Amino acid sequence: MPEKIKAVFLDRDGVLNQEMGDYVCRMEDFHVLDNFDALKELQDRGYMLLVATNQGGLAKGWYDEAELSKMHAHLKQVYHDKGVEITDFFYCPHHPNFTGDCDCRKPKPGLLLQGIEKYNIDPSKSYFIGDRERDVEAGTAAGVKGILINSDQPISTILDLID
Ligand SMILES: [Mg+2]
Ligand SMILES: [Zn+2]
């Protein structure tokens with residue numbers, strides 16, 4: 001059996017790009033935060049980097065999958081240019097008021113479970129960094145350690161909480 005890998009899951013808004021108070025609908029409002037050195041450090045420690053984000057704005061029709069994929073391609077490219085590989089993006093396109101309940105909208109653990117399954121990740125060696133209590137809840141429910149930060153708090157400040 002190949003050894004399972006370890007991962008750091010990252011919430012998106014308020015962690016990788018600026019929290020704007022609501023769903024980011026347009027590329028112009030998508031501002032990447034400078035966590036380049038911190039994520040490089042986690043990558044060097046052997047962690048795969050994955051994003052897990054609620055995108056209920058899709059269910060509301062505020063933006064579409066094409067605009068969202070532009071944002072994610074941009075985010076991936078900016079980090080790639082700094083030597084950091086964000087391996088994959090998992091997002092929940094649902095919203096309870098528009099599409100009903102789902103298993104993936106945080107605080108549900110579905111997005112994390114998708115990543116764990118897809119990449120054969122060991123949850124007990126993995127983390128989820130988010131700026132909302134629901135991120136920590138989702139992490140706990142998926143068996144990974146949740147780390148709560150303030151919105152836009154530099155990830156460099158919590159690196160000592162990660163093995
Ligand atoms: Mg957030
Ligand atoms: Zn969902």
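On a predicted model such as this, the values are computed, not experimentally measured, just so you know. Start at 1 and go down the list; that is how both ligands and their atoms are numbered. In what follows, residues are counted from 1 in the order of the sequence shown.
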Run the numbers on Arg12 and Leu75 for side chain to side chain contact (heavy atoms under 4.5 Å, CB included), then give the verdict. CA-CA 10 Å; Arg12 202 195 74 177; Leu75 185 57; 4.1 Å; yes
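Residues passing the side-chain hydrogen bond (donor to acceptor under 3.5 Å, both in side chains) test with Arg45 are Glu41, sequence neighbours excluded. The side-chain contact (heavy atoms from CB on, under 4.5 Å) test applied to Asp122 returns Lys4, Ser124, Lys125, not counting sequence neighbours.
Counted by atom type alone, Thr157 and Gln153 present one or more donor-acceptor pairs between their side chains at under 3.5 Å. Between the side chains of Tyr119 and Gln114, no donor N or O sits under 3.5 Å from an acceptor N or O.
Among Thr53, Asn54, Asp11, the one residue that satisfies the side chain to side chain donor-acceptor pair (under 3.5 Å) test with Lys106 is Asp11.
Between the CD atom in Gln55 and the SG atom in Cys25 there is a gap of 9.0 Å [rounded to 0.5 Å]. Within the model, atoms OG1 of Thr87 and CD1 of Ile5 stand 7.5 Å from one another, a figure rounded to the nearest 0.5 Å. Within the model, atoms CZ of Phe89 and CG of Leu10 stand 9.5 Å from one another, a figure rounded to the nearest 0.5 Å.
Around the Zn ion (ligand 2), protein atoms of type N, O or S found under 2.8 Å number 4.
Residue-and-atom listing of protein N/O/S atoms under 2.8 Å from the Mg ion (ligand 1), sorted by chain and number: Asp11 OD2, Asp13 O, Asp131 OD1.
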